[in-house]
Amino acid sequence: MPQYFGQLHTTEPAWSILGAVQAIQQDDRHILLKCGNPCLKISILAPNLIRVRMTPTGEFLPRRSWAVAQADEEWSKVPFQVHEKAETIKITTEQLSVVISRNPCRIKCFDSAGQPFAQDADMGMGWRTGTVAGWKRIETDEHFYGFGEPTGLLDQRSQVRTNWTSDALDYGILTDSMYQAIPFFIALRPGLGYGLFFNTTFWSRFDLGAQQPGVWGMETQGSELDYYIIYGPEPAKILQTYTQLTGRMPLPPRWSLGYHQCRWSYESQDIVQKLAHEFRQRQIPCDVIHLDIDYMNGYRVFTWSPKRFANPKELIQNLKEDGFKLATIVDPGVKYEPEADYKVFDEGLKNDYFIRKTNGQLFHGYVWPDKAVFADYLRQEVRDWWGSLLKSLTEVGVAGIWNDMNEPALDDRPFGDPGNKISFPLDAVQGPSDERTTHAETHNVYGLMMAQASYQALAKSRPTERSFFLTRSGFAGIQRWSAVWTGDNQSLWEHLEMSIPMLCNLGLSGIGFVGADIGGFAGNATAELFARWMQLGMLYPLMRAHSALTTAQHEPWTFGDRVEKICREYIQLRYRLLPYIYTLFWEAATTGAPILRPLLYHFPNDPTTFATADQVMLGSSLLAAPIYRPGVEHRAVYLPQGRWYDWWSGEAFTGPTHILAHAPLEKMPLYVRGGSIIPMIPVMQYVDERPIDQMRLRIWKGVGEFTLYEDDGHTFEYKTGAFCTTTYRVYLQGEQTIVEIEAREGEFSPATREIIVELVGVGEQSFIDDGTAHQLKFSI
């Protein structure tokens with residue numbers, strides 16, 4: 001008998017295993033299989049989506065509202081057939097089939113060509129005290145991606161991944177539990193792929209063949225096995241369905257796609273204003289400045305330091321005049337301060353909004369304000385209250401909320417003393433009356449619900465303007481409420497390299513708006529490291545530099561003239577690419593597609609891409625091969641099938657091929673697919689500096705198309721139709737390259753502008769864009 005999930009330890013009780021099917025019930029959505037007291041329910045939600053639930057007791061748990069955005073009954077009914085035989089029961093949709101063995105009860109899935117996937121292993125599904133689990137076969141050449149923000153490799157095969165939100169300070173390539181707990185993955189092999197969402201907020205774990213080669217397992221400390229299987233066969237299709245299940249990101253304000261500057265901390269409003277002046281004087285584009293914890297009065301959340309930030313409204317107005325937005329950190333810990341006239345604590349205590357122990361005492365831990373208590377964001381009235389407190393920030397002009405320390409992160413004694421990280425008591429009661437439960441079930445969604453409280457609050461307090469949200473912790477579905485960054489990384493070359501698979505796996509977990517602290521948060525970046533990180537960071541959906549207290553300054557000009565010039569040029573390239581990048585955000589908001597993508601996303605049948613973790617794609621057109629080691633000026637680059645062009649020189653390559661790229665410090669190897677159409681605009685010092693009066697379409701020879709998305713970039717009017725799209729196509733016709741521009745569609749009308757159509761290496765033509773169709777011909 002194979003060993004599964006700790007069976008090697010003789011102290012663990014044996015598993016009880018799901019036995020034979022004894023009875024079957026069917027309706028228009030579900031198949032219920034009774035195996036004695038235990039029951040197995042299979043729900044057919046879409047042609048490529050099934051839900052599998054197994055309960056040892058025969059009683060299924062009530063639905064939770066936290067992660068799954070679309071309940072079973074909210075999916076359109078889909079036709080399926082059930083065929084019963086003596087030994088099997090077969091469920092068939094137009095895209096997949098599920099074969100259930102009767103004795104013992106086991107599940108196998110097949111695509112329409114008969115290829116198996118998500119097949120139960122020998123033990124199938126089982127339970128023991130406090131745990132339920134399931135085991136499935138790892139197919140030949142199968143690889144695993146997603147899982148939130150795993151450190152180390154892109155492919156997680158042979159790894160163990162634990163879903164338990166943790167303050168992952170000083171994380172490295174062997175760290176398991178991270179800030180984000182996303183129990184979702186994509187399994188991929190040539191010709192087939194599927195996704196699996198493990199629908200449990202309790203502590204859970206995936207073992208991807210680490211303990212038993214050829215078997216992957218999932219285990220949770222909940223009382224029910226509940227998971228969704230999404231047939232692909234490609235990552236794009238899987239993510240489209242997964243984000244329909246857990247929700248998709250809203251369009252952020254366009255200014256949030258610009259460059260962000262942050263430090264723990266910019267100590268006063270005078271320093272912030274000097275920082276802003278420095279950016280403008282040096283002509284380095286920047287849109288957002290972040291304030292870390294020292295803007296507060298004694299780290300009391302929702303306060304301003306009366307000495308260092310005596311007039312925040314004046315500061316924000318001055319920044320606004322220079323084109324900057326301000327984002328402020330907000331931590332969940334509320335300073336325990338009875339009889340001190342601290343409104344936040346007093347109101348929370350009076351209304352019983354804080355989490356308590358089972359004996360009724362307030363739970364407390366130690367964070368920045370020392371002894372602190374914590375709101376129960378699972379309750380709507382608490383989220384509403386927390387949201388009302390955010391008005392103290394938004395009323396003076398704050399446009400972005402940065403939720404930190406929300407795993408939650410806390411110690412058992414004051415910060416600075418040798419202490420231990422602790423969590424809320426697992427038996428602490430949380431949630432409203434209809435979803436009352438304990439912290440054992442809600443720990444993983446604490447940061448998610450804090451982010452939801454922030455998003456919903458600013459939708460009310462800033463009803464005509466989109467706001468920016470950033471969170472360190474989250475769960476499946478966090479993309480509905482917030483952008484995510486990878487937490488407290490370090491100024492190490494290894495962390496620069498590691499950011500690529502971390503951000504790609506976040507994207508493959510349904511979270512598109514992601515970034516890592518450019519330059520590294522902890523430690524001192526060298527000039528070379530910062531330059532290389534800025535080059536890669538230009539591609540991050542969230543482009544933010546951040547550094548920690550006591551480290552050297554990490555602003556672009558602090559590393560000397562050469563590095564300042566490199567930073568300026570790559571930030572400027574970011575701003576020139578904003579029409580392309582903003583369209584990728586629209587794609588993410590409408591389809592769930594990641595913005596930053598591993599090569600396997602577009603080449604899922606190319607095994608070489610499965611382990612390529614040091615290259616990345618921005619959308620479908622741009623492929624970057626960053627330098628992530630000191631002193632390196634050449635590197636190998638893999639170019640998948642198709643025609644590729646060097647962004648800088650125009651040199652052409654035919655893939656699949658490996659090339660050696662020359663990369664002096666000023667250059668990050670960057671390639672573009674043949675047939676790509678990339679809209680670019682003139683450099684601006686901030687996103688909304690002036691109307692766009694010129695757009696350049698850079699087009700590379702080949703066959704392709706691109707649909708440009710546009711709206712006003714800052715209001716919610718796009719939700720009621722105030723947007724437009726323009727589709728561009730390029731193709732070959734004899735000795736000519738034809739560029740077709742379809743008539744603009746939609747209710748939004750951009751400013752009058754000149755369109756310059758550049759066929760790279762051939763020539764360019766221009767016209768005034770009035771929204772009508774155009775056709776241009778280039779002779780080669």
Side-chain angles (χ1 to χ4, degrees), residues 1 4-5 13-64 68 71-110 114 116-137 194 196-200 202 217-220 222-231:
M1 175 68 69
Y4 295 88
F5 278 123
W15 291 101
S16 297
I17 301 301
L18 192 63
V21 176
Q22 299 176 10
I24 303 174
Q25 296 177 6
Q26 178 184 343
D27 60 27
D28 56 0
R29 291 184 184 271
H30 315 283
I31 308 293
L32 180 65
L33 308 163
K34 295 186 176 181
C35 306
N37 282 332
C39 291
L40 178 71
K41 179 189 282 188
I42 298 178
S43 304
I44 298 85
L45 306 180
N48 70 328
L49 174 64
I50 65 168
R51 183 184 185 186
V52 180
R53 303 177 73 185
M54 188 278 291
T55 170
T57 65
E59 297 291 330
F60 291 101
L61 295 173
R63 178 177 183 258
R64 297 305 195 191
V68 173
D72 289 7
E73 61 274 11
E74 294 172 336
W75 293 83
S76 299
K77 292 181 181 179
V78 295
F80 64 93
Q81 294 78 43
V82 178
H83 301 281
E84 294 193 46
K85 295 183 178 180
E87 296 182 353
T88 61
I89 303 150
K90 185 177 182 180
I91 306 168
T92 305
T93 75
E94 65 180 15
Q95 293 190 33
L96 60 83
S97 59
V98 182
V99 176
I100 305 159
S101 301
R102 291 179 182 266
N103 189 16
C105 182
R106 300 291 182 268
I107 298 175
K108 296 181 180 179
C109 297
F110 298 88
F117 64 96
Q119 298 186 79
D120 280 358
D122 292 343
M123 288 179 64
M125 290 168 261
W127 60 92
R128 61 189 180 195
T129 304
T131 310
V132 293
W135 301 272
K136 293 186 178 290
R137 287 180 50 181
Y194 73 92
L196 187 139
F197 173 50
F198 195 12
N199 187 28
T200 175
F202 288 93
M218 51 187 160
E219 174 184 19
T220 178
S223 60
E224 176 184 308
L225 193 70
D226 182 358
Y227 62 94
Y228 295 79
I229 295 175
I230 305 167
Y231 169 68

**Request:** Please identify each residue that fulfils ring-ring contact (aromatic ring centres under 6.0 Å, His included) with F202, with sequence neighbours left out.
**Result:** none
[X]: what forms a side-chain contact (heavy atoms from CB on, under 4.5 Å) with it, not counting sequence neighbours?
| X | value |
| --- | --- |
| T88 | K85, V99 |
| P116 | F110, Q119, E139, R189 |
| E74 | Q70, A71 |

**Request:** Please identify each residue that fulfils side-chain hydrogen bond (donor to acceptor under 3.5 Å, both in side chains) with E84, with sequence neighbours left out.
**Result:** R102
**Request:** Check side-chain hydrogen bond (donor to acceptor under 3.5 Å, both in side chains) between Y231 and all other residues, then give those that pass, not counting sequence neighbours.
**Result:** none
Which value, rounded to the nearest 0.5 Å, describes the distance between [X] atom [atom1] and [Y] atom [atom2]?
| X | Y | atom1 | atom2 | result |
| --- | --- | --- | --- | --- |
| I229 | L45 | CD1 | CG | 11.5 Å |
| L18 | L33 | CG | CG | 8.5 Å |
| L96 | I230 | CG | CD1 | 11.0 Å |
| I31 | F80 | CD1 | CZ | 4.5 Å |

**I50/C109 under side-chain contact (heavy atoms from CB on, under 4.5 Å): CA gap, chis, key distance, verdict** = CA-CA 10 Å; I50 65 168; C109 297; 4.3 Å; yes
**Prompt:** Counting distance only, does the side-chain N/O of S101 pair as donor-acceptor with the main-chain N or O of P104 below 3.5 Å?
**Reply:**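 No: the side chain of S101 does not pair with the backbone of P104.
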**Request:** Answer yes or no: is there a donor N or O on one side and an acceptor on the other, between the side chain of N37 and the main chain of G58, under 3.5 Å?
**Result:**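 Not a single qualifying donor-acceptor pair exists.
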**Prompt:** salt bridge (charged side-chain N to carboxylate O under 4.0 Å, His left out): which pairs involve residues 15-38, sequence neighbours left out?
**Reply:**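 Salt bridge (charged side-chain N to carboxylate O under 4.0 Å, His left out) check on residues 15-38 returns D28-K77.
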**Message:** Please list all pairs meeting salt bridge (charged side-chain N to carboxylate O under 4.0 Å, His left out) that have one or both residues in residues 90-99, counting only residues at least two apart or in different chains.
**Reply:** none
**Asked** Could you give all pairs that pass the side-chain hydrogen bond (donor to acceptor under 3.5 Å, both in side chains) test and reach residues 42-64, with sequence neighbours left out?
**Response**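 Sorted result for residues 42-64: H30-S43, N48-T241, R51-D72, R51-D226, R51-Y228, R53-E224, T55-T57, R64-E441.
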